[in-house]
There are 2 protein chains.
Amino acid sequence: MDTKQTYKSCTHNKQVNCNQCQLNTICMPVSIQIKDLDKLDSIIQRGKPLHKGEYLFHVNDPFTSVYAVRSGALKTHLLSENGQEQITGFYLPGEVLGMDGLGNGLHTNSVQALDTSSVCKIPFDQLEELSVKLPSLQRHFMQLMSREITQEQQMIGLLNQKNAESRIASLLLSISSRNKRRDLSANSFLLPMSRKDLGNFLGITTETVSRIFARLQSRGLIATAQKEVTLLDIEGLQTLAKT
Amino acid sequence: MDTKQTYKSCTHNKQVNCNQCQLNTICMPVSIQIKDLDKLDSIIQRGKPLHKGEYLFHVNDPFTSVYAVRSGALKTHLLSENGQEQITGFYLPGEVLGMDGLGNGLHTNSVQALDTSSVCKIPFDQLEELSVKLPSLQRHFMQLMSREITQEQQMIGLLNQKNAESRIASLLLSISSRNKRRDLSANSFLLPMSRKDLGNFLGITTETVSRIFARLQSRGLIATAQKEVTLLDIEGLQTLAKT
DNA sequence: CGATCCATTGAAAGATGTCAAGCGTAGTGG
DNA sequence: CCACTACGCTTGACATCTTTCAATGGATCG
């Protein structure tokens with residue numbers, strides 16, 4: 001059984017616990033001992049999967065929990081002042097979201113499934129309690145938040161300094177490396193989001209996204225077939241991404 | 001003695017502790033009791049002021065502490081992949097920075113004084129220790145990080161959806177409201193950063209910054225004299241900021 | 001099978017960037 | 001104290017990129 005298979009079976013088994021989950025080295029710290037992982041496991045709630053388009057929570061919902069993505073993909077988005085939707089992130093399996101609500105007790109984002117997705121719900125008050133007993137858990141959780149900050153700062157850099165072409169290249173490489181981390185193919189994958197979402201996130205219009213995809217394809221850097229993308233020249237893309 | 005004066009005297013007195021600090025309701029939670037504030041105070045280190053251009057820490061420096069700005073102003077910046085400086089934030093008195101290093105133990109930003117500035121250094125290991133005894137402190141610290149995430153998401157929205165004019169308007173209003181929080185004038189203030197830094201942060205060139213300032217001035221929305229900015233029509237600016 | 005949404009492509013317009021020159025200000029050293 | 005220099009800021013003309021508007025084709029889902 002290859003890792004992909006293992007992962008797939010994990011997807012549909014709601015009962016799998018943290019110890020057995022293929023993703024635990026991503027979403028939870030290596031530093032947590034197995035017996036501690038059991039404790040963590042005991043507070044985690046696993047609900048039924050979200051269907052495409054369904055919401056995990058909405059802006060201004062009271063913050064109660066953080067969530068680890070188990071399968072599928074989700075987008076977080078908020079309404080900016082002018083009433084436009086602004087996508088703030090895409091979340092793939094093993095990644096943790098929901099920390100936005102901790103600031104003032106209300107979520108600042110809405111979270112919507114891009115595809116059928118399942119998540120582990122981790123009630124924050126219990127996590128906090130457990131953190132007192134497990135200092136490494138507290139540290140890990142803060143590290144997750146810190147990395148989120150760093151990621152978003154890099155996003156700001158991307159938006160400020162890169163043209164549309166290198167934004168797309170960067171995003172494709174980001175998805176690629178996140179897939180690799182999960183032992184999936186780094187070269188060929190399904191983009192979970194629409195061109196529109198992609199453009200919204202990267203700050204360019206759908207039309208431009210489309211044109212860039214066509215351009216990259218004509219140059220032999222990628223191949224596309226609807227949602228499927230194959231990276232044909234990763235080095236070339238990396239060069240592009242560095243504008 | 002007006003608040004501005006009080007604040008100014010605070011600036012030059014290195015000995016002032018958290019209890020006496022005019023900024024403690026900003027950088028520290030209201031929820032911390034006075035006696036607890038004493039404990040926090042005891043771990044805080046106060047160094048000599050940084051001069052303009054000096055660094056508080058550099059990218060890849062080991063993470064040891066977080067810092068509360070006491071006076072002056074600082075910018076955080078990182079080198080993006082293409083080797084360009086990217087400013088990721090401006091920090092004014094009462095604001096806390098340095099959480100970027102928590103993720104993997106190394107700072108992902110450099111921090112540089114925009115003007116003579118003093119900061120309180122809060123060693124993180126001691127803060128963590130203290131957090132175990134003071135759950136409200138731990139919670140507050142996570143809230144600071146969460147708000148940082150939210151702020152940066154809003155920044156992403158700004159960069160994605162707003163033109164140069166409303167970016168500038170948004171930044172001016174942001175500085176204004178942060179001044180107000182410190183009981184300084186919300187209408188008239190000195191911009192601590194250069195046009196170049198401002199443009200770098202907002203993702204526009206110095207020339208465009210200059211042109212927009214001229215345009216806003218000709219429309220009677222602001223008045224400028226070098227670093228000094230007066231907001232003449234805050235409502236007008238707010239309308240602009242909403243694209 | 002139709003309806004709807006999503007994606008693609010073209011042509012024109014608009015915004016910002018680039019290049020270049022000139023001006024003001026602040027700081028330096030005589 | 002003044003003059004000089006360096007740097008930051010401003011302004012103009014032009015180039016470039018992306019958006020906007022519009023039309024068409026294709027996929028998906030009831």
Side-chain angles (χ1 to χ4, degrees), chain A residues 51-54 73 75 82 84-87 112-116 158-172 190-219 222-229 240 243, chain B residues 51-53 75 80 82 84-87 112 114-116 158-172 190-219 222-229 240 243:
Chain A
H51 294 111
K52 180 173 179 171
E54 285 183 340
K75 66 173 174 182
N82 50 33
Q84 306 265 304
E85 175 182 287
Q86 171 61 50
I87 295 174
Q112 201 173 5
L114 293 167
D115 204 346
T116 307
L158 179 145
L159 295 174
N160 271 352
Q161 301 182 331
K162 295 183 176 177
N163 59 22
E165 209 170 89
S166 51
R167 290 184 197 191
I168 302 264
S170 296
L171 186 93
L172 291 177
L190 294 178
L191 278 184
M193 71 295 282
S194 67
R195 301 286 192 267
K196 190 179 162 193
D197 281 348
L198 219 159
N200 181 303
F201 181 59
L202 295 176
I204 50 189
T205 59
T206 315
E207 292 93 328
T208 302
V209 173
S210 215
R211 281 186 253 266
I212 305 276
F213 268 64
R215 206 189 298 168
L216 295 181
Q217 187 149 19
S218 75
R219 286 199 223 141
I222 64 172
T224 61
Q226 287 92 250
K227 300 272 182 199
E228 186 169 354
V229 179
L240 251 190
T243 300
Chain B
H51 296 295
K52 180 173 179 171
K75 65 173 173 182
S80 55
N82 50 32
Q84 306 264 305
E85 175 182 287
Q86 171 61 50
I87 295 174
Q112 201 174 6
L114 292 167
D115 205 345
T116 307
L158 178 146
L159 295 174
N160 271 352
Q161 301 183 330
K162 294 182 176 179
N163 59 21
E165 208 168 272
S166 51
R167 292 184 195 190
I168 301 262
S170 296
L171 186 93
L172 291 177
L190 294 178
L191 278 184
M193 72 295 283
S194 67
R195 301 284 192 268
K196 190 178 161 194
D197 282 347
L198 220 158
N200 181 303
F201 181 59
L202 294 177
I204 49 189
T205 58
T206 316
E207 292 93 328
T208 303
V209 173
S210 214
R211 282 187 253 266
I212 305 278
F213 268 63
R215 206 189 298 168
L216 295 182
Q217 188 150 19
S218 75
R219 285 199 225 144
I222 64 172
T224 60
Q226 289 92 249
K227 301 270 183 200
E228 187 169 354
V229 179
L240 250 191
T243 299

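Chain letters run A, B, ... following the sequence lines, proteins first and then strands; every chain starts at 1.
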**Report entry** Derivation and outcome, side chain to side chain contact (heavy atoms under 4.5 Å, CB included), residues A:F213 and A:V229
**Finding:** CA-CA 10 Å; A:F213 268 64; A:V229 179; 4.3 Å; yes
Report task. Show your reasoning for whether side chain to side chain contact (heavy atoms under 4.5 Å, CB included) applies to B:F201 and B:L171. Result -> CA-CA 10 Å; B:F201 181 59; B:L171 186 93; 3.6 Å; yes
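- A:G199 comes within contact range of no nucleotide atom at all, as no heavy-atom separation falls under 4.0 Å.
- With sequence neighbours excluded, no residue forms a side-chain contact (heavy atoms from CB on, under 4.5 Å) with A:K52.
- Every residue two or more places apart in sequence or in another chain that forms a side-chain hydrogen bond (donor to acceptor under 3.5 Å, both in side chains) with B:D197 is listed here: B:K75.
- Atoms CG (A:L202) and C1' (D:dT18) sit 14 Å apart, rounded to a whole Å.
- Applying the side-chain contact (heavy atoms from CB on, under 4.5 Å) criterion to B:N82, with sequence neighbours excluded, gives A:Q161, A:T243, B:S80, B:Q84.
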Report task. Using a 4.0 Å heavy-atom cut-off, write out nucleotides 21-30 of chain D from 5' to 3' as B (base contacted by protein), S (sugar-phosphate only) or - (no contact). Result -> B---------
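- Comparing B:T208 and A:G203, the nucleotide of DNA chain D nearest to each residue sits closer to the 5' end for B:T208.
- If you find the closest nucleotide of DNA chain D to A:E165 and to B:D197, the one lying nearer the 5' end belongs to B:D197.
- An angle of 50°, rounded to 10°, separates the two end axes of the helix from C:dC1-D:dG30 to C:dG30-D:dC1, each defined over five pairs.
- Nucleic acid contact for A:S194: sugar-phosphate only, since backbone atoms but no base atoms lie under 4.0 Å from a heavy atom of the residue.
- Distance, B:R195 CZ to D:dT11 P: 11 Å, rounded to whole Å.
- B:Q161 has its CD atom 18 Å from the P atom of D:dT18, to the nearest Å.
- The CZ-C1' distance, from B:R215 to D:dG12, rounds to 14 Å in whole Å.
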Report task. Starting from the C-alpha separation in whole Å, work towards a yes-or-no answer on side chain to side chain contact (heavy atoms under 4.5 Å, CB included) for B:I87 and B:L198. Result -> CA-CA 9 Å; B:I87 295 174; B:L198 220 158; over 6 Å; no
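- Considering only side-chain N and O atoms, A:T205 lies under 4.0 angstrom from the phosphate OP1 or OP2 of D:dT19.
- Rounding to whole angstrom units, CD1 of residue A:I212 and P of D:dC17 are separated by 10 Å.
- With salt bridges taken as basic N to acidic carboxylate O contacts below 4.0 Å, none links B:E85 and B:K196.
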Using atom types as modelled, flag every donor-acceptor pair under 3.5 Å from a side chain in residues 205-212 of chain A to any protein atom, sequence neighbours excluded.
| unit_1 | atom_1 | unit_2 | atom_2 | d |
| --- | --- | --- | --- | --- |
| A:T205 | OG1 | A:T208 | N | 3.4 |
| A:T205 | OG1 | A:T208 | OG1 | 3.0 |

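- Among residues two or more places apart in sequence or in another chain, the side-chain contact (heavy atoms from CB on, under 4.5 Å) test is passed with B:A223 by B:Q217, B:T230, B:L232.
- Read 5' to 3', the first and last nucleotides of DNA chain C with an atom closer than 4.0 Å to a heavy atom of chain A are C:dA7 to C:dA11.
- If you take CG of B:L198 and P of D:dC9, they are 9 Å apart, rounded to a whole angstrom.
- Side chain of A:Q112 to main chain of A:E54: no donor-acceptor pair is present (N/O by atom type, distance under 3.5 Å, no hydrogens or angles).
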**Report entry** B:I168 and B:I204: CA distance, side-chain angles, deciding distance, side chain to side chain contact (heavy atoms under 4.5 Å, CB included) verdict
**Finding:** CA-CA 10 Å; B:I168 301 262; B:I204 49 189; 4.0 Å; yes
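- To the nearest angstrom, P of D:dG8 lies 16 Å from CE of B:M193.
- Rounded to whole Å, atom P of D:dT18 lies 14 Å from atom NZ of A:K162.
- Atoms CG and CZ, on B:L172 and B:R167 in that order, are 14.5 Å from each other to the nearest 0.5 Å.
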